[in-house]
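Some notes on the structure that comes next.
Every value quoted in this text rests on a predicted model; they were computed, and no experiment measured them.
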Amino acid sequence: MGSDAMDSWAIAKSLLPVTLASNLDRYSTAEEIRLRLGKHPAVVIGGREVKVSGETVDQSLLRRILEKATGASLHTAAPGLRNGYISYRGIRIGICGEAVYTNGEMSALRAFSSLAIRIPHRFSADCGKLIESLIYPQPLNTLIISPPGVGKTSFLRELIRCAASASLRVSVIDERNELSANLSGEAQFDLGHESDVLVGVPKPQAGMMLLRGMNPQIIAMDEITQKMDIQTVEEIAGCGVTVFATAHARSIEDMKKRTLYRELLEKEIFAELVTIRCLGEKRLYSREALK
Amino acid sequence: MTKLIGFILVQVSALLHACRSAALERRNMQQAEDFCTMLEQLYGLLEREASAMPELLTALNGRTDRSAASFIQNLERSLNMLGARSFQELWHDALYASAADNDKELLAILDKPGAVLGRYELRTQLDMLCVCLDELRHYCEKRRQKLPQTMRLTLGLLLSSGLLLGILLL
């Protein structure tokens with residue numbers, strides 16, 4: 001297990017009361033901690049939920065976790081809350097509850113009912129060679145796909161770290177602060193020596209800012225989810241800068257079924273596709289050329 | 001002669017007690033006003049900058065006086081206990097650690113924001129601070145108006161009881 005993963009597990013447990021955290025000690029390979037109001041806590045291991053002994057989850061527990069995660073400042077997490085999650089030191093906490101509307105627009109969530117504390121995927125040394133092949137002799141435009149929770153972000157983070165440690169200038173668009181887990185300007189995850197991270201800026205704007213200001217050789221971004229993201233990728237690649245990106249999909253066939261990703265593939269921007277699959281607790285990495 | 005000295009002592013102690021009550025009442029008023037100023041500043045900072053709670057408390061530290069300053073310092077120090085304890089509990093403890101000897105009505109008003117601050121969206125937090133500030137101003141105004149009346153009553157009661165005791169002694 002990498003030190004990042006160990007740290008992430010420790011960070012996730014630090015959000016919980018001591019008793020619950022100690023009940024979780026034997027589940028250190030967990031991918032998620034699930035807390036649902038009125039139910040027993042559970043962990044997700046190898047894609048399956050395992051019930052954890054102890055008291056059932058109450059509203060006070062959910063509130064305390066969110067207070068800890070936001071530093072008793074839920075209002076500062078409003079943009080994330082509108083999207084159903086908040087970030088805490090590189091860990092994403094998915095949230096369910098009741099929506100609050102202000103002037104007809106959803107402004108926040110309250111009356112929380114479920115939390116999903118997602119621990120970044122442990123990166124195995126097995127795919128080190130795969131990562132090397134995506135960087136040497138020259139970095140290739142690479143798209144990483146997998147279903148949610150399988151490890152796209154962790155793989156991208158490792159790809160960034162390796163590239164930025166190989167004397168390549170990597171600029172990172174970290175829209176949701178998950179890649180770097182930036183805390184007061186300092187990345188909590190190691191993204192390599194030559195990486196520059198822009199946090200909290202939407203991809204289209206961030207892409208332009210980095211192209212103009214940072215003279216990058218590679219720009220990395222997490223989760224292409226809308227048409228504007230594709231335009232950003234196209235503009236970056238059009239400037240001769242390599243792009244590393246991720247997308248939610250099981251396979252290339254799955255991508256072709258969706259209008260957004262079909263359009264992305266038709267543009268032929270990415271040279272390489274890395275697919276991550278889940279097999280029990282293991283992850284399978286496969287690579288195929290797109291051009 | 002001894003009875004006369006006793007009478008004078010009783011009257012003086014009644015007077016001193018009345019003065020002490022007045023000083024205590026003024027101190028309570030002062031504390032209420034200090035907390036009122038602190039909450040006004042908190043409202044302003046939250047509305048303008050919507051900063052995180054630790055930053056808000058750091059900004060308030062040094063801008064507040066007496067009990068309010070002690071409250072902010074206590075609360076700031078206790079933030080590292082978040083998770084193990086709720087913010088509401090930390091707020092309550094910090095309040096009682098810095099102003100426990102105050103009037104129960106005032107403490108009840110000041111305790112309220114702890115249940116909402118940092119826990120809800122910004123508008124709800126600001127609304128709660130508004131409600132609390134209104135109640136606090138009303139409390140201060142009520143006490144301010146009552147102060148001379150209370151003082152007269154206390155002084156009158158103490159002096160007349162002292163006088164009665166004096167007559168019995170003489």
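- Residues in residues 45-66 of chain B take part in no ring-ring contact (aromatic ring centres under 6.0 Å, His included) pair, two or more places apart or across chains.
- More than 12 heavy atoms of other shown residues, nucleotides or ligands fall within 6.0 angstrom of atom CE in A:Met208.
- Partners of A:Thr232 according to the side chain to side chain donor-acceptor pair (under 3.5 Å) rule, which considers only residues two or more places apart in sequence or in another chain, do not exist here.
- For B:Ala52, the parts sitting under 4.5 Å from any heavy atom of chain A are the backbone and the side chain alike.
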Cross-chain donor-acceptor list, chain A and chain B, 3.5 Å limit, no angles:
from, atom 1, to, atom 2, distance (Å)
A:Arg63, NH2, B:Tyr120, OH, 3.3
A:Arg64, NH1, B:Ala84, O, 3.4
A:Glu67, OE1, B:Phe87, N, 2.6
A:Ser73, OG, B:Met53, N, 2.6
A:Leu74, N, B:Gly118, O, 3.2
A:His75, ND1, B:Gln125, NE2, 3.0
A:His75, NE2, B:Ser51, O, 2.7
A:Arg110, NH2, B:Glu121, OE1, 3.4
A:Arg110, NH2, B:Glu121, OE2, 2.8
A:Arg110, NH2, B:Thr124, OG1, 3.2

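- Counting heavy-atom pairs closer than 4.5 Å to chain A, the top-ranked of the candidates B:Leu56, B:Leu122, B:Leu117 is B:Leu122.
- Most heavy-atom pairs under 4.5 Å with chain A: of the set B:Leu82, B:Leu46, B:Leu90, this distinction falls to B:Leu82.
- With a 4.5 angstrom heavy-atom cutoff, A:Val100 touches chain B only via side-chain atoms.
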Can you give me every donor-acceptor pair (side chain of residues 34-42 of chain A, partner residue at least two apart or in another chain, under 3.5 Å) with its distance?
from, atom 1, to, atom 2, distance (Å)
A:Arg34, NE, A:Glu32, OE1, 2.9
A:Arg34, NH2, A:Glu32, OE1, 2.9
A:Arg36, NH1, A:Glu49, OE1, 3.0
A:Arg36, NH2, A:Glu49, OE2, 2.7
A:His40, ND1, A:Gly54, O, 2.9

